[in-house]
K.L.:
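Sharing a structure here in structure tokens format.
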Amino acid sequence: MALWAVAAPALAQTAGDAAQADEAAESEIITVTGTRIKGNFEAPTPVQAIGTELIDQRGTTNVANVLNEIPAFTGTLTPASTNLNSRQNGVNVVDLRGLGPNRNLVLVNGRRSTPFDEFENVDLNVVPSLAIERVDVVTGGASAAYGSDAISGVINLVYNERLDELKLNAQYGLADRGDAENLRLSAAWGNAFDEGRGHILLAADYDDNKGIPKASARKWQRRSPAIVSNPDDTGPNDGIPEYVFRDNAVLFLGSPNGVTLPLGFATDNLEFFPDGIARTRILGDIGGNLMIGGSGSRLADQTALVVPTERFNVLAAVNYEVSDGVQVFGEASFARSKSRGALVNAFTFGDVVITPDNPYLPADVAALGDPVVLFRTFEEFDPITSASLTESMRFVGGFKGEFGSNWNWEVSAQYGQTDFSNKQYNNLLVGNLVKAADAVAVGDDIVCRVNADADPLNNDSACVPINLFGKGSPSQGAIDYITETGISKTRIKQSVFAAEIGGEVFEGWAGPILATVGAEHRTQKLNRTVNAPNDNEEFLIVNAQPLKGKYDVTEGFAEVAIPLIGGDQRLDFNGAARYTHYSTVGDVVTWKAGLTFEPTDFLRFRGTISRDIRAPSIGETFVETVLLFANLANPFDPDSTGTSLVRVPLSGNPDLTEERATTKTIGAVLTLGSFRASLDFWDINLKGAIGSLNAQDIVNRCYAGEAEMCEFITFGPDDELEEVRQQNLNLGTYKLRGLDFEARYATDLGNGTLGLGAVASYLIHKKIAPSGGTPLDVAGELGGRNGGGMPDFKATLSANYDAERWGAFVQARYIDGGVYDVTFGPEDLSKKDNNIGAVVYVDMSVKYKLENLFGSSSEIYAGVDNLFDRTPPVAPIDFISNSATNASIYDVIGRKLYVGVRARF
């Protein structure tokens with residue numbers, strides 16, 4: 001789509017609307033994401049173009065932060081929402097439509113970016129934001145134009161390849177409560193050379209965000225809210241809900257001192273204290289894993305609320321006209337991003353069984369004669385902490401040019417490499433804990449039982465006996481024996497070769513017929529290595545496994561633009577098709593067809609239908625088999641009661657096929673002078689979504705008559721369950737439908753210009769069945785219990801005023817209310833608790849120009865996010881760690897202030 005380069009508005013705009021500004025004398029045609037066609041052509045695909053002015057007005061240190069404020073996005077993987085994520089913590093990944101971050105395609109200057117993990121997610125921490133001219137967002141399927149992953153749309157980060165100045169930026173920010181400290185230093189320089197035949201762009205960006213290392217830094221988390229079983233509930237249909245929201249929740253399953261649970265032993269309901277003291281445990285109102293009041297742990301207080309993240313990027317891009325109509329171009333970039341955030345205190349929930357002869361056991365408890373099944377959390381050492389390091393390099397080179405009067409061409413090659421390492425500090429070695437806890441007295445010494453045994457095959461000379469009774473009782477030697485750092489290192493290599501040619505094929509009956517054809521070849525490789533405890537499944541959490549995989553993709557594509565009616569009323573057709581051969585899934589065809597109709601010069605209608613795909617990632621296809629065990633109920637055996645331990649091997653699936661989606665959009669664009677507005681309806685129907693069933697679901701669905709599920713079960717004699725195989729399968733469905741609205745208006749006011757804008761997205765429904773079965777509509781679910789829930793309405797209203805020396809910007813972000821769990825009725829949760837109210841966040845910034853102080857154009861600026869310090873609503877995570885809210889939707893930092901200076905030379 002052609003876009004006339006004009007001053008970027010303060011608000012994200014519809015790219016097609018911007019094309020109306022062709023009266024600007026300084027304009028030049030550039031290409032906007034959404035079509036491969038170059039020229040004076042309006043594609044029917046909705047596209048938003050976010051300019052640098054909005055990024056400056058928001059005072060953001062990362063372009064992902066601006067994107068996540070657009071109503072069509074949700075913050076699935078951000079430093080605030082990955083605090084409980086053991087491997088992807090601290091990343092900044094964008095998720096359009098909430099379909100998952102690997103179902104929207106991220107491009108850099110129109111070319112595929114290199115992912116950072118095996119699921120092909122792209123971390124925007126690696127992008128030097130000051131070099132960005134704009135961000136194009138295609139809010140419709142675009143696989144025919146750009147290939148796999150573009151199901152929900154495309155995000156294209158476009159560098160400013162015409163920059164002709166030096167830009168400097170320094171910014172410092174701090175939350176109202178003295179944390180979330182942030183420092184950003186950025187520079188970008190561009191210059192033409194050799195009498196304008198060449199241009200060079202250099203940029204660097206450093207950002208150090210200290211985050212919020214502990215959730216207990218916020219009062220709303222210190223309330224420790226949770227959803228727990230209602231002690232007053234007497235059963236079904238009694239008018240009393242099964243669950244309630246309550247503050248002061250602690251973990252029933254354990255405490256830092258160590259406790260026993262009611263398991264039918266004489267040693268039940270005890271809590272152990274240092275110096276050999278055991279008392280009856282103080283219990284609150286028990287509600288599942290948690291209880292209200294009483295003696296227990298508060299694991300969520302130790303979790304990082306916002307994961308501290310530090311990043312550095314550097315970029316160099318150059319192009320040079322080697323002859324008339326032929327340019328050579330190149331690009332090199334390097335990015336480094338690291339994060340480190342606490343996850344959870346280590347714990348043992350029943351793995352440790354203490355026998356009465358244990359010398360650490362209090363004598364009065366040992367005298368009872370029963371074993372002690374211990375439930376305990378560890379505060380003797382720091383929480384299990386996830387630290388990630390991403391180093392990415394990317395090189396692009398090629399030639400492009402023009403010939404004839406209306407033809408252009410390009411050939412390019414690119415290589416990208418990402419090294420992603422993850423460490424889990426203070427991770428618990430469960431087997432070592434069990435051996436260390438099984439202590440016996442040998443003379444005057446206390447040793448591990450494995451070392452008291454004369455059998456050398458059972459000996460473990462490194463074992464240090466551990467005293468688990470009472471907080472602070474374990475020795476440092478024992479702590480060192482039961483903990484270790486889990487390490488995984490992943491290297492991803494991506495190479496792409498591409499060529500395309502396009503132009504005016506011939507003059508049609510209503511105008512020139514344009515076309516573009518091209519081909520691409522892509523190779524992607526991944527290799528992950530892990531240390532021995534990970535490989536051997538020895539850790540309490542994570543246990544990353546080795547992974548190695550590769551696939552090749554060869555593609556050919558074509559796109560046409562055909563004017564059907566010319567003159568004052570225009571009707572244009574746009575069509576595209578792409579043939580793709582994957583070494584993994586075989587041949588795939590994607591396509592798009594669309595129409596634009598302009599009955600008048602102020603009104604344009606547009607509509608598209610497309611077939612879009614996502615091919616299986618390396619992680620979904622090639623993951624090695626991991627043997628686990630699970631306690632499963634067996635409905636095939638009428639005599640079976642309870643559960644039995646069954647082998648549950650987990651593995652990838654080389655027989656996976658591509659996910660397929662049908663995407664439809666229809667909309668209208670209205671332009672009346674300085675007022676422009678657009679309204680688009682969109683519909684995405686995704687089938688064959690890749691996911692996996694848990695073992696019990698496989699058994700239950702086989703029993704219910706789904707013969708394909710029975711293929712994953714191995715039965716023994718008398719219908720005994722011997723093995724249930726878990727694989728990734730193409731069995732999920734996602735059906736989404738919604739409306740996008742955008743409007744903006746600009747007018748002269750006094751000595752300056754006033755701009756007003758509005759962007760909104762309404763989610764009509766989001767019916768999901770990630771593992772097959774009956775779809776569930778999670779539109780309006782804000783608690784996250786069922787996964788994939790999103791507000792059904794989000795909107796941003798903004799106003800900016802720019803005078804000669806100063807300017808001001810204010811925006812209000814509205815997040816509609818909804819329910820905690822869409823499956824809950826009044827018998828599950830009261831109407832009051834299940835209702836989550838709407839939230840409005842107000843942000844503002846001001847700037848003042850300084851003449852001849854730092855350069856030809858300099859300004860100081862300041863701003864505040866969440867001006868009224870709106871706390872997030874209570875929407876507790878239902879887990880052993882009861883985080884108080886849904887950080888993928890709500891702001892967890894609170895009021896934050898920032899100041900900075902920008903200079904241009």
Side-chain angles (χ1 to χ4, degrees), residues 84 86 213-217 224 250-261 270-279 281-282 289 294-304 340-354 358-362 365 372-387 423-440 445-450 460 462-486 533 538-542 880-882:
L84 287 174
S86 57
K214 287 190 177 183
S216 57
S224 194
V250 297
L251 184 65
F252 166 64
L253 291 180
S255 85
N257 285 313
V259 298
T260 59
L261 303 186
L270 295 176
E271 182 166 11
F272 300 91
F273 296 87
D275 301 324
I277 299 172
R279 302 191 185 102
R281 185 185 184 189
I282 299 174
N289 294 333
S295 175
S297 301
R298 294 178 54 152
L299 295 180
D301 287 356
Q302 305 301 315
T303 303
R340 179 171 176 145
L343 294 171
V344 67
N345 287 114
F347 54 84
T348 176
F349 296 156
D351 293 313
V352 171
V353 179
I354 308 294
N358 189 301
Y360 295 123
L361 187 65
V365 177
V372 170
V373 182
L374 197 65
F375 292 75
R376 189 188 200 277
T377 59
F378 291 87
E379 295 185 7
E380 288 81 8
F381 51 90
D382 290 338
I384 301 175
T385 297
S386 179
K423 295 182 178 181
Q424 309 290 329
Y425 293 101
N426 311 312
N427 209 343
L428 187 68
L429 296 165
V430 178
N432 284 13
L433 173 64
V434 171
K435 287 189 287 186
D438 189 14
V440 294
D445 297 324
I446 299 176
V447 300
C448 301
R449 191 183 301 271
V450 293
D460 182 355
C463 184
V464 178
I466 190 168
N467 180 359
L468 294 174
F469 301 107
K471 181 179 177 180
S473 296
S475 68
Q476 186 59 51
I479 290 172
D480 293 341
Y481 174 70
I482 67 171
T483 59
E484 193 170 329
T485 298
E538 298 177 35
F539 284 123
L540 176 67
I541 64 172
V542 184
I880 60 171
S881 177
N882 55 308

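Bear in mind the structure is a predicted one, so any value in this text is a computation, not a measurement.
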K.L.:
Between I384 and N345, does the side-chain contact (heavy atoms from CB on, under 4.5 Å) criterion hold? Intermediate values first, please.
P.N.:
CA-CA 6 Å; I384 301 175; N345 287 114; over 6 Å; no
K.L.:
Once rounded to the nearest 0.5 Å, what's the spacing between atom CG of L468 and atom CG of L433?
P.N.:
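Atom-to-atom, L468:CG and L433:CG are 6.0 Å apart.
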K.L.:
Given F469, which of F273, Y360, F272 fulfils the ring pair (Phe, Tyr, Trp, His ring centres under 6.0 Å) condition?
P.N.:
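The passing option is F272.
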K.L.:
Looking only at heavy atoms, what is the nearest atom pair of S473 and P274, with distance?
P.N.:
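Minimum heavy-atom separation between S473 and P274: OG-CA, 4.2 Å.
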K.L.:
With a 3.5 Å distance limit and no angle check, can you tell me whether N426 reaches the backbone of P383 through a side-chain donor-acceptor pair?
P.N.:
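Side chain of N426 to backbone of P383: a pair is present.
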K.L.:
Any cation-pi pair here, R376 with F347, using under 6.0 Å and within 45°?
P.N.:
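So R376 doesn't make the cation-pi contact.
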K.L.:
Measuring from T483:OG1 to N432:CG, what's the distance to the nearest 0.5 Å?
P.N.:
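Those atoms lie 9.5 Å apart.
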K.L.:
Where the side chain of N358 meets the backbone of A437, is there a donor-acceptor pair that is under 3.5 Å apart?
P.N.:
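Such a contact is found between N358 side chain and A437 backbone.
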K.L.:
Specify the closest pair of heavy atoms between L343 and T303, including all atoms of both residues, with the distance to one decimal.
P.N.:
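That would be O-OG1, 2.6 Å.
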K.L.:
Any idea which heavy atoms bring A346 and L428 closest together, and the distance?
P.N.:
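It is CB-CB, 4.1 Å.
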K.L.:
What is the distance from atom CG of L270 to atom CZ of R279, rounded to the nearest 0.5 Å?
P.N.:
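Those atoms lie 12.0 Å apart.
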K.L.:
The test is side-chain contact (heavy atoms from CB on, under 4.5 Å); show your working for I541 and N427 and say whether it passes.
P.N.:
CA-CA 7 Å; I541 64 172; N427 209 343; 3.7 Å; yes
K.L.:
For the residue pair S295 and V250, what are the closest heavy atoms and their distance?
P.N.:
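That closest heavy-atom pairing would be C-CG2, 4.5 Å.
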K.L.:
Considering residues at least two apart in sequence or located in another chain, which fulfil the side-chain contact (heavy atoms from CB on, under 4.5 Å) criterion with A436?
P.N.:
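Counting only residues at least two positions away or on another chain, A436 forms a side-chain contact (heavy atoms from CB on, under 4.5 Å) with C463, I466, Y481, I482.
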K.L.:
Could you please spell out the steps behind the side-chain contact (heavy atoms from CB on, under 4.5 Å) verdict for F349 and L251?
P.N.:
CA-CA 11 Å; F349 296 156; L251 184 65; 3.5 Å; yes
K.L.:
If you count the non-hydrogen atoms of other residues, nucleotides and ligands that lie under 6.0 Å from CD1 in I282, is the total more than 12?
P.N.:
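Counting other residues, nucleotides and ligands, CD1 of I282 stays at 12 neighbours or fewer.
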K.L.:
Looking only at non-hydrogen atoms, find the nearest pair between P256 and E379 and report the distance.
P.N.:
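Answer, listing the atom of P256 first, then E379: CG-OE2, 3.2 Å.
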K.L.:
In Å, rounded to the nearest 0.5 Å, how long is the span from OG1 of T348 to CG of L253?
P.N.:
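Reported value, rounded in 0.5 Å steps: 11.0 Å.
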K.L.:
Taking all heavy atoms of S475 and all of V464, pick out the closest pair and write down the distance.
P.N.:
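Here S475 and V464 meet closest at OG-CG1, 4.3 Å.
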K.L.:
Taking NZ, NE, NH1 and NH2 as the nitrogens, is one of them in K435 or D460 under 4.0 Å from a carboxylate oxygen of the other?
P.N.:
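Judged by the 4.0 Å cut-off on N to carboxylate O distance, K435 and D460 do form a salt bridge.
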K.L.:
Just verifying a value: how many Å separate K214 NZ and D301 CG, rounded to the nearest 0.5 Å?
P.N.:
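It comes to 9.0 Å.
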K.L.:
Indicate yes or no: does E380 engage K471 in a salt bridge with an N to O separation below 4.0 Å.
P.N.:
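Looking at E380 and K471, the cut-off is not met.
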K.L.:
Rounded to the nearest 0.5 Å, how far apart are CG of D480 and CG of L429?
P.N.:
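It is 11.0 Å, given to the nearest 0.5 Å.
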K.L.:
Is a side-chain N or O of T260 found less than 3.5 angstrom from the main chain of V373, in a donor-acceptor match?
P.N.:
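Not a single qualifying donor-acceptor pair exists.
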K.L.:
Would you say the side-chain atoms of S255 pair up with the backbone N or O of N257, donor to acceptor, closer than 3.5 Å?
P.N.:
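Yes, S255 side chain to N257 backbone: donor-acceptor pair under 3.5 Å.
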K.L.:
Taking the side chain as every heavy atom from C-beta outward, state whether L261 and R281 have any pair of such atoms under 4.5 Å apart.
P.N.:
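They are in contact (side-chain heavy atoms under 4.5 Å apart), so the answer is yes.
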